[in-house]
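In this chain, residues are counted from 1 in sequence order.
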Amino acid sequence: MSETTAHRQPSEGPRPPVARKLPVERTHHGDTFIDDYEWLRDKESPEVVAHLRAEHEYMEAVTAHQQPLREAIFAEIKERTEETDLSVPARKRGWWYFTRTEEGKQYAIHCRVAARDTGDAAADWTPPVVEAGRTFQGEQILLDGNAEAEGKPFFALGGMAVTEDGKLLAYAEDNAGDERFSLRFKDLDTGRLLRESIENVFYGLAFSPDGTRVYYTVVDDSWRPHQIKVHVLGTDPARDVVVIQEDDPGMWLGFDLSPDRRELMIGIGNSEYSETHSLDLVDPAAAPRLLLSRDERILHGMDPVLIDGERAYLVTHNREAVNNMVSLVRGEEFSKPLARQRWDTVVEHRDDVKVEGTAVTSTHVALSVRKDTTERVQVLPIAGLGTPAQAAATEPAFDEELYTCSLANAEFDAPMIRLSYTSYLVPPRVYDYALSDGTLSLRKETTVKGGYDPANYVAEREWALAADGTRIPVSIVRRREVARDGTNPALVYGYGSYEISMDPGFAIPRLSLLDRGVVFAVAHVRGGGELGRPWYDDGKKLAKKNTFTDFVTVTEHLVAAGWADPRRVAAMGGSAGGLLMGAVANLAPHLYRAVVAQVPFVDALTTILDPELPLSALEWEEWGNPITDPEVYRYMKSYAPYENIAKVPYPKIAAVTSFNDTRVLYVEPAKWVQKLRENNTGSEPVVMKIEMDGGHGGASGRYEGWKDRAWDYAFVLDALGATQRI
């Protein structure tokens, strides 16, 4: 029997698999770390695969009693979800595009129906009423994800694009979960696939205006997008030309199509500075033009806009503006040295408002901003932009304190923009916002079946006080009858990296927690973006530990405030939030009854020390570069979860991962759980759930996603003794 095979004795219950030790020394800056389990990185090894399967079998044995609860939660999600549903149609040129879902089917069906042009803009841009479960007259199926996924272990789309004349579809398909896509082309007149296909493309597709060329991104061996290529339809993909290539391993390359679809905006950057190039799509012979170089060390984004018939650019930037401001720059200005360029202010910098970015129609600019932790949208007319005649921004008003309003679509010729709205209590809504007078038209609110009543629940904001005096926002969601009496089970969720904010949003699966009396809390820790750029800067690099101590502070606040029984608190987070879970499990294991670490980045130092591993070099701007900087090395080693496992009683821990994840490799949780068990002085189990046919987001398909969430929540509820609905 293999050393990595799980052993079971009926009298003792299931035993975890024990991986053999093969010590590997890692030495940096005079410090040597001995890693006994690095050999588990060999994905092709039959012994490694056998060990991973043994881990999964052990998990199934340990959590077998939770299966009825998982089935109950899955059933609740299913019963509350309108399985046969459709999106609000969105217009592009002469077509309305939308997606359908059908009961019993895993994937969306992408459809369209012809639009009309009567000369009445308001009527022509009012979406048709398409009924769930009934096809629309003249409806055409572009792509049926269920048919595409048939017989394949995994299915995900990495992008779709349609030519301006509406005759050709390009789509990128992943059948492994490793986010390396196959680009295929479909003739929408005949419904037939073209013979040509392109392998190993990344996210992002764009056609030239005449539909003869398609632009796509390619990743290097470390899974970093480093090339934009152009394919001429009807030619051998092997002859595709590299439009631009980025060789710096610490820079990420991508592109966006301009609102008028005549220009490719190429962005190269990291979390601290960026560079923008423009490519004229009308001229097939055009080369990228550098607009703003990385040498200026300005973190920015750009949107082209026509001012008096001339090309100009709206630049959202941090030039002397830590929370960003927006400037208007005429196209010819970029040919001058930066010090001589004229930048006209459109949106001034504010300490209490973070400008996230812009979007442009032919008449207006939509601003995405963050104020009081909340994402919202503001609108400005283009007329007078950047001059004293510029009008004041308008903002749609909503009646909740904790909500998220984001821009869903801003079609260049449209008289409206489309907004997405959601909150902890309100299911997603789709609004059309009329640019002429600010009228909001509700197009759809997602149906929640089973008698859901938002009045039965409460969402509120509290503030926890860190040891250094920083006030940390905490969002608390609960059933209305749950009292602040110190007896409640609680789940604390957090992320806290990459300036990503944990914004309010509705989630049907979360109702299964709330209805069992769980207080659900989101810890908006430093390292996220909830309170602007300084909030992020105070939780990265040599300030990263603030992320972890903030999470502990929030947990202690919930207990002290009476929201949680100190013996009934669980923690959950994924990816970089999984690193957070590993760190707090080491920092304060006594605070948590259970920890769920989803695709956890728990071996961060090992990964970032090896620039050949996927995305490692890109992480230097987030965590620092431990290869060249001994201070960064020492600091990271002082908190990295894998290196800081101690001889202490750990809570119940579940590491959830996928074999084909390219962002956080399976080996990180695999090593972590081995070392946890080796050092754990308590009796609680440490398990690893691995999806052998999944990626960073787990298995594909909505039902499989529901099962994953049911597994996570059942693990938590079982640990907290909250398995029954109240």
Side-chain angles (χ1 to χ4, degrees), residues 2-8 13-22 24 34-43 45 47-64 66 570-575 577-587 589 592-607 640-659 661 664-692 694 698 708 711-712 715-716 719:
S2 167
E3 291 181 70
T4 62
T5 303
H7 302 273
R8 181 184 299 180
R15 290 184 178 179
V18 179
R20 63 185 173 91
K21 292 185 177 182
L22 185 63
V24 174
I34 297 175
D35 191 342
D36 291 325
Y37 303 112
E38 177 62 15
W39 68 272
L40 290 171
R41 189 176 300 278
D42 186 1
K43 190 176 181 180
S45 164
E47 183 181 4
V48 169
V49 173
H51 173 76
L52 297 176
R53 294 192 185 282
E55 283 281 14
H56 198 74
E57 290 171 5
Y58 171 68
M59 175 278 298
E60 289 183 324
V62 168
T63 66
Q66 297 169 16
M572 181 182 289
S575 198
L579 185 154
L580 170 61
M581 294 299 100
V584 300
N586 291 334
L587 192 61
Y592 304 100
R593 181 67 181 160
V595 173
V596 176
Q598 302 156 319
V599 289
F601 191 32
V602 283
D603 194 19
L605 186 53
T606 301
T607 295
Y642 185 58
E643 282 85 347
N644 287 280
I645 293 170
K647 294 285 187 181
V648 297
Y650 281 93
K652 288 184 173 70
I653 292 179
V656 181
T657 186
S658 294
F659 190 55
D661 190 344
V664 179
L665 302 184
Y666 73 87
V667 67
E668 298 204 21
K671 292 165 58 175
W672 184 53
V673 298
Q674 283 296 308
K675 196 171 180 182
L676 279 169
R677 295 192 195 117
E678 181 184 346
N679 288 274
N680 188 7
T681 62
S683 59
E684 298 291 4
V686 175
V687 301
M688 185 171 81
K689 175 179 179 284
I690 182 165
E691 175 59 59
M692 297 303 288
D708 287 345
W711 193 96
D712 296 344
F715 187 88
V716 167

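- Atom CD in E678 sits 6.0 Å away from atom NZ in K647 (nearest 0.5 Å).
- Of all the heavy atoms in L579 and P641, the pair that sits closest is O-CG, 3.6 Å.
- Not one N or O on the side chain of D35 forms a donor-acceptor pair closer than 3.5 Å with the backbone of V24.
- Here the side chain of S45 pairs a donor or acceptor atom with the backbone of V48 at under 3.5 angstrom.
- Atom CE of residue M688 and atom OH of residue Y666 lie 9.0 Å apart, to the nearest 0.5 angstrom.
- Residue P17 forms a side chain to side chain contact (heavy atoms under 4.5 Å, CB included) with just one option from E57, R53, R677, and that option is R677.
- The heavy-atom pair separating R41 from L665 by the smallest distance is NH1-CD1, 3.8 Å.
- Within the model, atoms OG1 of T607 and CD of E668 stand 3.5 Å from one another, a figure rounded to the nearest 0.5 Å.
- Between D36 and K675, no side-chain nitrogen of the basic residue sits less than 4.0 Å from a carboxylate oxygen of the acidic one, so the salt-bridge criterion is not met.
- The nearest pair of heavy atoms linking V62 to P14 is CG2-CG, 4.0 Å.
- Heavy atoms only, all atoms of each residue included: K652 and A719 are closest at CD-CB, 3.9 Å.
- Residues P600 and A655 share a closest heavy-atom pair of CG-CB, 4.5 Å.
- Not a single donor-acceptor pair under 3.5 Å links the side chain of K43 to the backbone N or O of V667.
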Verdict with supporting geometry, V673 and I653, side chain to side chain contact (heavy atoms under 4.5 Å, CB included): CA-CA 9 Å; V673 298; I653 292 179; 5.6 Å; no
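- N586 is listed as a side-chain neighbour of I645, based on a closest heavy-atom distance under 4.5 Å.
- The CD atom of E47 sits 10.5 Å away from atom CG of L52, with the distance rounded to the nearest 0.5 Å.
- When atom types are taken as modelled, the side chain of Y642 and the backbone of G582 share no donor-acceptor pair closer than 3.5 angstrom.
- You'll find the side chain of F715 stays beyond 4.5 Å of the side chain of K689, heavy atoms only.
- Taking the side chain as every heavy atom from C-beta outward, W672 and V686 never approach each other to under 4.5 Å.
- The two residues V716 and A570 have their closest heavy-atom pair at CG1-CB, 3.8 Å.
- Taking the side chain as every heavy atom from C-beta outward, D603 and Y37 never approach each other to under 4.5 Å.
- A heavy-atom distance below 4.5 Å is not found between the side chains of Q674 and K21.
- In this structure a side-chain-to-backbone donor-acceptor pair under 3.5 Å is missing from Q598 to V656.
- Between T606 and E643 there is a side-chain heavy-atom pair separated by less than 4.5 Å.
- There is no side-chain donor-acceptor pair under 3.5 Å between Y650 and N679.
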